[in-house]
Number of protein chains: 2
Amino acid sequence: MTAVDFGSFVEELAAKSGEVILPFFRTSLSIDNKGTVGRFDPVTAADRAAEAAMRALIHKAFPEHGIIGEEYGSEHPDAEYVWVLDPIDGTKSFICGMPAWGTLIGLTRFGKPVFGTMHQPFLGESFTGDGEAARYRGPAGDRELCVRPCAALDEAVLFTTSPLLMSEQDRGAFRRVEQRVRLSRYGGDCYAYCMLAAGHIDLVIETELKPHDIVPLVPIITGAGGVLTAWDGGPALSGGRVLAAGDRVVHAAALKLLQA
Amino acid sequence: MTAVDFGSFVEELAAKSGEVILPFFRTSLSIDNKGTVGRFDPVTAADRAAEAAMRALIHKAFPEHGIIGEEYGSEHPDAEYVWVLDPIDGTKSFICGMPAWGTLIGLTRFGKPVFGTMHQPFLGESFTGDGEAARYRGPAGDRELCVRPCAALDEAVLFTTSPLLMSEQDRGAFRRVEQRVRLSRYGGDCYAYCMLAAGHIDLVIETELKPHDIVPLVPIITGAGGVLTAWDGGPALSGGRVLAAGDRVVHAAALKLLQA
């Protein structure tokens, strides 16, 4: 069974997660209840309910698979197949009502990411990849995802979620790249990586990531022809400080500045 | 004829604008053609085509009305009714494939904003107001927009499109507020004001705005119960440095810090 066979199951997971999350987005349920004891945190409630729903589906369909999730920790993380779940990547966008958040669902086999999806239930769109190819489905149609060429750093469009999330030292390294690019933009979370896979931007630089923030995105980025590493040039699967690029030339140039 | 009667005409304008813009968003048409003479700028092409289409509809329906637009300047700006058009507010989001951009359509009578819409054709949603009330229609339902209370600056969620857009002095003033709020987020353009009107965030602080960036949003913000001024406390209709808040207490506290 190849990873690609998991495609329709992943759609089922994504649909279920979306059903559970949407009642909490931009509704009266989403208003957080300031000042009460045991304050209600709507995004955490949505995150947990969606992860629990996805875990239940995985338990039923693939009881031998492992699961690593943001909210409920790890089950059988040494299994051949392990699901990596982040029901709401971009929780700060979510609580602000901004649509740049998504549900991340990844699958690893022997520790290697083999399938990944970013699903946005409010927009009804998904970005999916298996490391060989990547695909978009949603209001912009149904089409292959492919990074764009970018000949040099000074032609690149860069994204980061927020420089405020970086340590002072990391922010200094980030600024060295930022000062050289054509355009630097903030916000985005998982959307930035998907826009890179779709050929709309050229670079994403982030820090402080968890594995569940990045593992599901790896097969989308590499499937679209992009390159993703840690700031030290090694694998990015454990999260931390991440550099993604559509073009290897730009990746190399940014890596050099981050390490300077 | 009251401003409210213009509602269905504004929907027609928004629908036409969306039809014209969407073929340029996240499609092969939207890839800018680097390195050629007379470089093709897709967002400018979409902006111009949409504004031309809206102007044609206004000329036909209301030949006596004035028009102020981002792309084609002013026609009869001293007319009783003047339309204020910004087909793509958030052009940098647009070129990056991010959905946080919108079409702004405003109407002034004797210089006072009486009707405004932010329409997002990719998401299929609109935020509309007339200064007395404001309404949302889209994937999150059909409902009244209402700002939320916020008792103090340290409970507030703040948005700005990017501190990189500010002069050094303005950025210093902005930082004084930013250091005091609960959460500061970047990105958003017109969406930030609409999220304020919808009660999801508490403050928007921006600089360097043009009248067409802000006039259409005024009746939405005030219709939802919010307050919007320039940094000097005066009217914000001419753009420049703008401060919007859902709660007057937070507006006053932020204004004091901006003026410190």
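Sparse packing is recorded around CZ of B:Arg180, with 12 or fewer heavy atoms of other residues, nucleotides or ligands lying under 6.0 Å away. Around atom CZ of A:Arg175, more than 12 heavy atoms belonging to other residues, nucleotides or ligands sit under 6.0 Å away.
Taking CE of B:Met195 as the reference point, atom CZ of A:Arg26 lies at 3.5 Å (rounded to 0.5 Å). Expressed to the nearest 0.5 Å, how far NE2 of A:His200 lies from CD1 of B:Ile95 amounts to 11.0 Å.
When every heavy atom of A:Cys96 is checked against every heavy atom of B:Arg185, the shortest pair comes out as SG-CG, 4.2 Å. Closest heavy-atom contact between B:Met98 and A:Ala100: CE-CB, 4.1 Å.
Both the backbone and the side chain of B:Pro139 have a heavy atom closer than 4.5 Å to some heavy atom of chain A. Interface remark: A:Ala198 contributes no atoms to any contact with chain B (heavy atom separation under 4.5 Å).
Of all the listed residues (A:Ser93, A:Gly141, A:Gly188, A:Ala192), the one sharing the greatest number of non-hydrogen pairs under 4.5 Å with chain B is A:Ser93. Between chain A and the residues B:Leu123, B:Thr161, B:Leu196, the largest count of heavy-atom pairs under 4.5 Å involves B:Leu123.
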I'd like to know whether B:Leu164 forms a side-chain contact (heavy atoms from CB on, under 4.5 Å) with A:Tyr186, so could you lay out the CA-CA distance, the side-chain angles of the two residues, the decisive distance to 0.1 Å, and finally the verdict.
CA-CA 10 Å; B:Leu164 299 178; A:Tyr186 303 148; 3.5 Å; yes

Going through the distances and angles, do B:Phe122 and A:Glu125 end up as a side-chain contact (heavy atoms from CB on, under 4.5 Å)?
CA-CA 11 Å; B:Phe122 190 71; A:Glu125 62 184 1; 3.6 Å; yes

